[in-house]
Each structure stands twice: as C-alpha cells, then as structure tokens.
**Q** 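My questions will all concern the structure given below.
Chain A is the first sequence line, chain B the second, and so forth, proteins listed ahead of strands; every chain is numbered from 1.
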Amino acid sequence: MSKDKTPQTTRRTTRLSTSSPSLSNADAKLTKCCSTPHSLTLRDLVFGGEIFNADDLFASLPGRRGVILELIRLLGPLNSRMLPLFLYGGVSTGKTTTVLQMFRHFKRPFVYVSCRSCYNPRILFESIINQLLLHSKNEGNGYSSAKRCEKPSDFVNYLQDALGYVINGLKEKTEKLSLKKSLKWVKGSMVYLIIDNLELVRDWDKSLSILPFLFKLYDLLKMPELGLIFISSASPDTYHSDTGYTEPIPLYFPDYTEEDLRQIFLRNQSNPKLYASFLDVVLKPFSRVTRRLDEISTAFSHLFKIYCEPLEDQTIVPNEETKRRLFSHLQPHIAPSLNEIFRVPSVCSENRANKEMVKWKLSGNKLGVSDVLEEIDFHMSVCAKYLLISAFLASRNPATLDASLFDSTGGAATRKRKRKASEKSMEQKDIAEQELLMKGPGTFPLERLLAIFQCITSVADYSAEEEELDHGGLGGGAGDGGLMSDVLLQLSSLCSANFISKGSSCPLEGSTRYRCTVDENMVLKVARSMKFPLSKYLYRN
Amino acid sequence: MGSDNPAEKALILHRTRLSNPNFIFTHFSNSPDTNYSKLKFIISSSVTEACNNSVLLLGPRGCGKAAVLELVLDDLLKEYPDMITTIKLNGLLHSDDKCALKEIARQLCAEHQLSFSKVASFDDNNQFMIDILRECGLAHKTVIFVLDEFDLFAQGKQRLLYSLLDAMQSVSSQAVVVGISCRLDADQLLEKRVRSRFSHRKLLFLPPSAEDLQGLIKHMLLLPTDSSISDDYTTEFNARLLKLLEDGRCKDIIDTLSTSDSTFNHLIRFIAVCHMDMNLGFLTLENFKAALTGVQRQPKLECLKDCSILELYILVCMMRLEFREQESYNFNTMMKEYSSIRDSFKTCDYYARNVCLRAFEHLLQRELISLVDSRGHTQSLEFHPVKLLVSAPELHLGLKSNRCCPAILQKIIDRG
C-alpha cells in the first residue's frame, strides 16, 4: 500500500561512505524520464537490508559476546532514554563494526560521523545536520551543505530544529505502520548520534572548547529522544581538561585473544581445514609480536599464498603428511616475514623478494635479523648520492676533524700510534657513545656541507679519471662542473624527501643548520653503490 | 498483566528518571535551609520588589547547580506567570561577545514573538537588548540571565559581563544575573570594574553526605504506587529494594562509591549500569557488585593486559633504565638494553629494529609511554626522549595479569 522509495544500496556497508549520503546521479542520467537526483527519505537513516537477528549478530562478531550484551543493556529497550556512552579500546578491535552491526540488528535510526573524515568542527557540524535534514550534496546545489554552520551555538540551534523534524517524521511513520502487520523497516522514534574517532579531536586547534562541548551536548540539547555514542581508541582518562567535563558511561573493548583471532580468520574461508592448518603454524609466533588484526592479516595474506604453492589442488583437506610438507615449505619464510610487520610488497620488489627468498633457503638463514635487501630500491642521481654521503659525514663527524680527514692524504698521516687505552678513556668512550645514542646526529651549516661535498667529489673524480686512464678510454668528460651545477636543487629535494632535515633559521645564530636523518645502513648501501670508501671517513672513537 | 513485562516497564521508568535531572533534585527541595530555598528567596524577592540582583552558584561538577536553578525557575514561572523572562547562555557556546548578543537577541525575539534577523550587527543587537531591558523594566517584568560556565565568560575582555552588569545599574531595568561555575574562584576572575558592579552573593553547592545518598537511591529506585505497573509487582519490588538497601554489604558498596567521588553524577552513572536481571525482575546484591566493578576501572591495567609480548619487553627495558636512574632515554638506548637483556638472559624473543620501532609506536598510541616535550624537535622518532607513563607497581601488576606474559620477564624486572 505505502509506496516508499526503496533504498538504492544498503548504506553503511563501507566506512568510506560516511559523511555524505550516496547519490545515484548516474542512474538518474541513464533513465530519460526522471531528471532529478535521488532524494533521501527517513528510510536512509536506518541500516537497510534484510532482517539480521541476534544469532547472526553474535556469529558475525566473534569474541565480542560479552561486550554486545552489555551494549544491548546500556542501549535499553525501545524508546527509552539513554545516557551518553563512550566506547573505547585498542585500534582495530571492532568498535565501529560492532556498533553498526547492532544498529543493523535493531533497525533503529542513527546518524554516523567520523572525526577522521570530518577533520574540523565546521565539517563535523555540517555533516550531522545534512544527514538529519536528509540533504545530499549533488551537482544541483553545487555540493553545498544545507546550512552553513561554524560555531557551536549555531550548531545547537540547527540540531534542535533538525532533530525535532526527524523525530516528528518518525513518530508519524510508526503510527501509520503500527496498523500494518508486515515487517517494519524502522523501530522506535529515537535517533542515535554516533561520533567515531574522537581521539583525533584532541589534536584540533579548537580542541579545548570542542571536546567539553561534545561531551556536554546531551545536556545542552535537553532532548530525550537523542542517544549519543562516542567511539574512541584512547581511553577516557587521556582526555584532559582544565575544569573537567561531564563524563559519559565508559565501555571497554578488549583486544582479541588468540582464540578470537583464529575464529575471525576462519570466517569466509573457502577451505577452512587448510587455513586452520596454516593458522596452527603461523598464529602463535605472530601473536607474540602483535595481536592487531590489521597488521596480522596483511602478513597472513602474503604467507598463505606461499603456503599453498606446493599444492596442486587448493580444495583438498590436508592430512598429516601434507601438513608437514607444507610446513617445511613455509618455514624459511616465517622468520623474515616476522621481521617485516605490515609491509605490503609492491609488484617489482615482490619479484626481487622471491629471488632473495631462494637465496636464503640455500644459506639456511633462520634468524633473519640482518638486512633484507643489499641495494636501495629507488633511484638517486649521482650528485644526490654524494650529497647524502657528505651530509651523513657532516652529521656524524665533529667539525674539528674535517681538516685532518679531508686533506690530500686522506687523514692517514695524522693518525698517531695507537696507545693502550686507559680506564678513563674507556669510560669517556662509553659516555660519548651513550651521548651519541641519545642526542642523535648533529647539525651542520650549509658551508660545511658544500666543503665536504667538494672534497669528496674531487677525490672521486680523481679516482674515476685514474680508472679511465687505466682502461685507456677518453679522459675528461663533464667532470666537476656537471656535479656542482644543481647541488642546491638536489639539496632541497633531499630535504623534501626527509633525508635531510632543515632547522629553523634564527637571525642570532646565523644561517640555517641542517641535520641528516638517515641511518647508517642506508648510507652504507648508497656508498657501496658508488664504490665510495665510507669507513675511511667516518669518525669512530 | 498484559503482554508487557512489569520488569521492563520498571526499567523504562528508571531510565527515564536517571536522565531527568529535575526529578533527582525534587527530593531535596523540601527542607528550609537548602540552596534551593535560598536561591528561590533571592530571585523571588528581586521579582516582587522590582530590584536588580546577581548571584553566583559555585560547586564541583555534578552537584546539581543547574538542576536546582531549573527547579527554582519552574516554580517561579508557575507563581508569577507573566512577570519573568529567562535568557539562557552557556560559556561553551557563547563566550564570544558577538555570538552571545546574537543569542540573547534571538531568545528575546522568540519570547516576545518578534521576528529575528540573522544579519543584525553587534551594535544593533546591543541596542536591541538595552531597549528590551528598558521596556521590561517599565512594564515591571524581570529578565533573568542564566550564564552557565561563567568562568568561560570571564576570559578575554569581559565585554558581555560588563554590559550586562552595567545595564543592571540603571534604575529603570529589572534584571537578575545568575552565574553557574565549577571553579570556586570564579569571582576572582572578574575585572575590577565588573566585580564592583557584582553583588558578591555566592551559593556553595557541595556533594551530598552519606545519608543524603541513601535517601536519593531510595527516591530514584522505589516504584510509585500509582503508575501503570501492577500493584503486586510494585509492592514486592519496593519491599525487596528496602531490604537490600538495609543490608550492610550494600551500604559498604555505596560507601566505596562515595569515597572516590561523591557527586550526584557518579551515583547516577552507577545506577545506570546496575542492570536488573530481566528474568528475575528484581534488583539483587550481585547487580550492585557488578556495577561497582564496572565503575571502578583501571585503565592502565586494561592496556597492559592487552599488550603483546614484544611490547611488554620494551616496557620492561624502559623500566630497567629508569631503575638505573637515567634521567632521559630514547628508543636507541632502549634497543641497547634490549640486546643486553638478550645476551644476559638468553631469551628467544629477539626481533629486528623496525619491528621494535613499530611496537614502540603502538605503545605511544596506547599512551603507556609518551614523548617528552614533543614540540620543537625535528628529530626522527628514534632519538626523541621518552618517558614511561606507568609506575613500577602497575607494571608488575600488569605483567602478572597478562595472560601470555612469559615467566622470564618477571624475572628480568625483579633482577633489574
């Protein structure tokens, strides 16, 4: 009888489509008759789709049974008032998913915003008001919001109006539908406001006024038909405020245990027995390092492909012998993979990585603590490489040694005979080493960098010329000029790549000072590619 | 009878009461020397005698200042129907003068059925407010300004406060300014010229005593006899509840609760998490106990229980560095300690540097460690000095309660 517009897709299936409601402009353009874009109805405030009962809810969220029961009790029966809730827990523990699935089960209308996609107060306020006023940003209205709302005072006024409008609409609909015996697509006349990623608000400019305002929103509005739910990955005692704030009711989401992780990974697998045998091998070592679901799943997807390589038929149920065979195939890959948590390999490096894996199997390297790749996997020009090496030397060596290290003999003449080290000098060495660990690389002015660069490139040119003379090739070439021409350009590109960091310029201290933030392994790789004798120039005490 | 469970109806009734602050404080409105009666006297006398007045309500958060003021205003609106106009401002929203005047103009327009123009300027709104005050004064109507979060209005130049209090000095106006603040020194924040126009009346709201808390619980949870819930259920529920509240263990629970935080808000949140068992239909001592453990959270311990083994190793290394009284340490010194532990204790959990760095970042996210002075440094993360945010006893407790903590870690931290 009632011809409600059917929703286009079930909303809230992905977290990406949160701030603005989805449009169907493409569909509208295809059909010739309707020229207006799809307008939203109250039905879009509810999680669409079929009935999702309680068993489905518990089955889709393994390990969260206790939390879900507590949350159901806190939300309360239909149309009962609710004090604000604060859900917190570690990262990727399923907080948002649990809340959204619960609202899918209960079919109560809700409005969801995330402080990650709404990154300042204005966007946050406007997003909430847009969803309540069922306004969608499209080409027709120039992608603008329904109301311009920057200040909290305007937001409170608009929110009261919008909530009143929505709640009246819901009450009318529920009265009409209560006569029908068919399934209702919405239950109750309360609207719930879910604010996700609240911990990011602490880093906003106006966080000192916005955070207490959000916590006090429920009291300010004085509307019993609104339920407020905050989701954060930081616990409530990390939200500091000078004068305190009204505290919502906290609910903790503990991290998944190993058992829970097992159940989660076994869901939706095409061959559960095979995957279970895979998990027996890898889950324990990985959960010693981290139990975060996002990191482990990235590593597992890669490893599972390797695990299944020797199998011709992916659907068989493995017996003991197959399991042992697969385990021995996988084992050399586990340790290196453990030491590279959360690395998503790119295509070309995957090929190279496979070659490296073959090398390890032969060498039987079990610990895998040492470096993976012997080369840097991006391109740098010759000038940039020399500049990087000079910057590293400038950061690590004290300035007083430059004269002796970079003279024509390469510092060999000034090295004294090694005397036996006394107790005091050993202590001093320890202290100096400690200081180096603590303070990090030193700063240097631009002139010193250029001086070292000159010295290094002149030496390199000299040796390159020697080599060419030996080979009898044409001598000369671009030589020095080619390297020096765009040094400053290369320096600025190294700075923007964060290999060299630039300090703030102070008129009292003179010119700006730079600091090399690359570690020794990387510079060793660069030097090796240039055949540069780095150890000769490094000051080691 | 009917299809509705009486327990469910009782639950809905309780939840409604919990979210309604007015209901809570009607319990206290009867006795003569409470803040309620004093406040009522101040405001009603200025209404009847047509004089100006200002008063500050001070007290910690959750002690009922705003709720008592609401009760007083409701009563006065019933007693003197046409003689009072209320304007409500909040420091969180309206601390900016322009916003505040716009809001005042909007509320005045709504009250007197005038149309409000959004583009009116600051001066227009100011003039409008002064005109309305004069009109109300001539018509013997009192305007009551309620300034919530008063200390936030006292930031900056205090123009709004000055103009309000100054407007009250003229003979023709009849206004009462009520300020609510949780800072007990809110009047010290006022400028000299503002303070001189302020009558130094302060009402102090204190958290309730133990007897008051007991009385409040009874008031909140006892079911009324004239509601739609069946009478048998009501009498049985009330009888059981009274017996439960007389029990010594229940009194202990309430005492524990009020020792940490005896404000009303805390008690209300406690009652909100006291979940009645729906099958049984009555509140029991176990519900109270479960609610108490829910309210008494230990956030650092929860975090430590969730840490992985590598993260625990990092924490133990940092704790050992602290025992050796190193004033500052960073990731590199921690890695040195980690490798020295591996050499001396022969542990098997040794991971590469970048994995440890990742675990270090997780610990920063969980706020178990933090960077010292994170501003003004251009260093990479490995050289930043860090500090531990858990103390040694907490770490010991955390290691014991972590399910997958290897026994060798306990040994390491004791040996340290």
**Q** Do Gln365(B) and Glu361(B) get their side chains close enough for a donor-acceptor pair, meaning under 3.5 Å?
**A**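 Distance-only check fails for Gln365(B) and Glu361(B).
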**Q** Relative to chain B, which segment of Glu247(A) carries a heavy atom at a distance below 4.5 Å: side chain, backbone, both, or neither?
**A**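 Interface part for Glu247(A): both.
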**Q** Tell me every residue that passes side chain to side chain donor-acceptor pair (under 3.5 Å) with Tyr158(A), counting only those two or more places apart in sequence or in another chain.
**A**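 Expected list: none.
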**Q** With side chains defined as the heavy atoms from C-beta onward, is the minimum distance between Phe360(B) and Ile369(B) less than 4.5 Å?
**A**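 Phe360(B) reaches Ile369(B) side chain to side chain.
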**Q** Heavy-atom distances under 4.5 Å only: say whether Ser287(A) touches chain B with side chain, backbone, both or neither.
**A**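 The backbone, not the side chain.
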**Q** Let's test your reading of the structure: which of Met335(B), Arg366(B), Lys300(B), Lys102(B) forms the most heavy-atom pairs below 4.5 Å with chain A?
**A**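 The residue among Met335(B), Arg366(B), Lys300(B), Lys102(B) with the greatest pair count is Arg366(B).
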**Q** Counting only heavy atoms closer than 4.5 Å, note whether Lys305(B) contacts chain A via side chain, backbone, both or neither.
**A**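 Lys305(B) touches chain A through backbone heavy atoms alone.
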**Q** Sort Glu367(B) into side chain, backbone, both or neither according to what part of it lies under 4.5 angstrom from a heavy atom of chain A.
**A**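 For Glu367(B), the side chain is the part near chain A, not the backbone.
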**Q** Given that the side chain runs from C-beta out, which part of Pro212(A) has a heavy atom under 4.5 Å from chain B: side chain, backbone, both or neither?
**A**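 Contact with chain B is through both the backbone and side chain of Pro212(A).
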**Q** Decide, yes or no, whether a salt bridge links Asp96(B) with Lys98(B) under the criterion of side-chain N to carboxylate O below 4.0 Å.
**A**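 Judged by the 4.0 Å cut-off on N to carboxylate O distance, Asp96(B) and Lys98(B) do not form a salt bridge.
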**Q** Side chain, backbone, both or neither: which part of Arg61(B) has an atom under 4.5 Å from a heavy atom of chain A?
**A**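 Side chain of Arg61(B) only, per the 4.5 Å heavy-atom cut-off to chain A.
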**Q** Any idea which heavy atoms bring Leu214(A) and Leu228(A) closest together, and the distance?
**A**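 Reported closest heavy-atom pair: O-CD2, 4.2 Å.
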**Q** Please evaluate residues Arg513(A) and Thr443(A) with respect to the criterion side-chain hydrogen bond (donor to acceptor under 3.5 Å, both in side chains), reporting the C-alpha separation (whole Å), side-chain torsions for both, the decisive distance (0.1 Å), and the verdict.
**A** CA-CA 6 Å; Arg513(A) 295 184 76 90; Thr443(A) 56; 2.9 Å; yes
**Q** Please identify, among Pro248(A), Gly89(A), Pro441(A), Ala234(A), the residue contributing the most non-hydrogen atom pairs under 4.5 Å to chain B.
**A**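 When all of Pro248(A), Gly89(A), Pro441(A), Ala234(A) are compared, Pro441(A) has the most.
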**Q** Measure Asp154(A) against the heavy atoms of chain B and call it side chain, backbone, both or neither at under 4.5 Å.
**A**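 The side chain, not the backbone.
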**Q** Side chain, backbone, both or neither: which part of Asn157(A) has a non-hydrogen atom closer than 4.5 Å to chain B?
**A**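 The side chain, not the backbone.
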**Q** Flag the one option from Gly62(B), Cys404(B), Ser328(B), Ala359(B) with the top tally of heavy-atom pairs under 4.5 Å to chain A.
**A**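 Heavy-atom pair counts peak at Ser328(B).
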**Q** Charged N to carboxylate O below 4.0 Å: is that the case for Glu103(B) and Lys151(A)?
**A**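 Judged by the 4.0 Å cut-off on N to carboxylate O distance, Glu103(B) and Lys151(A) do not form a salt bridge.
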**Q** Count the heavy-atom pairs under 4.5 Å between each of Gly76(A), Ser80(A), Ser153(A) and chain B, then report the option with the highest count.
**A**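 Option with the greatest count: Ser153(A).
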**Q** Report yes or no: do Thr263(B) and Asn265(B) form a side-chain donor-acceptor pair below 3.5 Å?
**A**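 No - no donor-acceptor pair under 3.5 Å links their side chains.
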**Q** Which atoms of Ile210(A) come close to chain B, meaning under 4.5 Å heavy atom to heavy atom: side chain ones, backbone ones, both, or neither?
**A**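 For Ile210(A), no heavy atom lies under 4.5 Å from chain B.
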**Q** Looking at every heavy atom in both Phe286(A) and Ala299(A), which two are closest together, and how far apart are they?
**A**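 For Phe286(A) and Ala299(A), the tightest heavy-atom pair comes out as CE2-CB, 3.7 Å.
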**Q** Is Asp151(B) in contact with chain A via its backbone, its side chain, both, or neither, using a 4.5 Å heavy-atom distance?
**A**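 The side chain, not the backbone.
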**Q** Report the option among Tyr256(A), Tyr252(A), Phe155(A), Phe213(A) that has the most heavy-atom pairs separated by less than 4.5 Å from atoms of chain B.
**A**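 Top count of heavy-atom pairs under 4.5 Å with chain B: Tyr252(A).
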**Q** If I measure from the heavy atoms of chain A, does Cys356(B) come under 4.5 Å with its side chain, its backbone, both, or neither?
**A**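 Neither part, no heavy atoms under 4.5 Å.
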**Q** With respect to chain A, which residue among Asn330(B), Val295(B), Leu310(B), Ile268(B) yields the maximal number of heavy-atom pairs within a distance under 4.5 Å?
**A**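 Max contact count across the listed options: Asn330(B).
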**Q** Before you tell me yes or no, could you show the steps for Arg353(B) and Asn332(B) under side-chain hydrogen bond (donor to acceptor under 3.5 Å, both in side chains), namely the whole-Å CA-CA distance, both residues' side-chain angles and the distance that decides it to 0.1 Å?
**A** CA-CA 10 Å; Arg353(B) 194 187 165 86; Asn332(B) 285 336; 2.5 Å; yes
**Q** What residue, out of Arg403(B), Arg183(B), Glu311(B), has the most heavy-atom pairs lying under 4.5 Å from chain A?
**A**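 It is Arg403(B).
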**Q** Answer with side chain, backbone, both or neither: which region of Leu152(B) has an atom nearer than 4.5 Å to a non-hydrogen atom of chain A?
**A**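 For Leu152(B), there is no contact with chain A at all, as no heavy atom is under 4.5 Å.
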**Q** State whether Lys88(B) and Glu70(B) are salt-bridged, where the test is any N-O pair (Lys NZ or Arg NE/NH1/NH2 against Asp/Glu carboxylate O) under 4.0 Å.
**A**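 Answer for the salt bridge query: yes.
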**Q** What part of Glu382(B) gets closer than 4.5 Å to chain A, counting heavy atoms only: side chain, backbone, both or neither?
**A**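 Glu382(B) has no heavy atom closer than 4.5 Å to chain A.
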**Q** Looking at residues at least two apart in the chain, or sitting in another chain, which of them share a side chain to side chain donor-acceptor pair (under 3.5 Å) with Tyr245(A)?
**A**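 Tyr245(A) satisfies side chain to side chain donor-acceptor pair (under 3.5 Å) with no other residue.
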**Q** What residue, out of Leu13(B), Asp306(B), Leu312(B), Ile309(B), has the most heavy-atom pairs lying under 4.5 Å from chain A?
**A**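 Of Leu13(B), Asp306(B), Leu312(B), Ile309(B), Asp306(B) has the most heavy-atom pairs under 4.5 Å with chain A.
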**Q** Go through the atoms of Asn90(B) and report whether side chain, backbone, both or neither lie under 4.5 Å from a heavy atom of chain A.
**A**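 It is the side chain, since no backbone atom gets that close.
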**Q** Hey, which of Leu78(A), Ile249(A), Leu74(A), Thr246(A) has the most heavy atom pairs under 4.5 Å with chain B?
**A**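 Answer, by heavy-atom pair count under 4.5 Å with chain B: Leu74(A).
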**Q** Contact part of Ser95(B) toward chain A, heavy-atom cut-off under 4.5 Å: side chain, backbone, both or neither?
**A**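 Neither part; nothing is under 4.5 Å.
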**Q** Is the distance between the ring centroids of Tyr88(A) and Tyr239(A) under 6.0 Å?
**A**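 Ring centroids of Tyr88(A) and Tyr239(A) are no less than 6.0 Å from each other.
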**Q** Quick one, Arg297(B) with Ser235(A), criterion side-chain hydrogen bond (donor to acceptor under 3.5 Å, both in side chains). Give me CA distance, side-chain angles, the key distance, then yes/no.
**A** CA-CA 11 Å; Arg297(B) 300 170 309 116; Ser235(A) 68; 5.8 Å; no
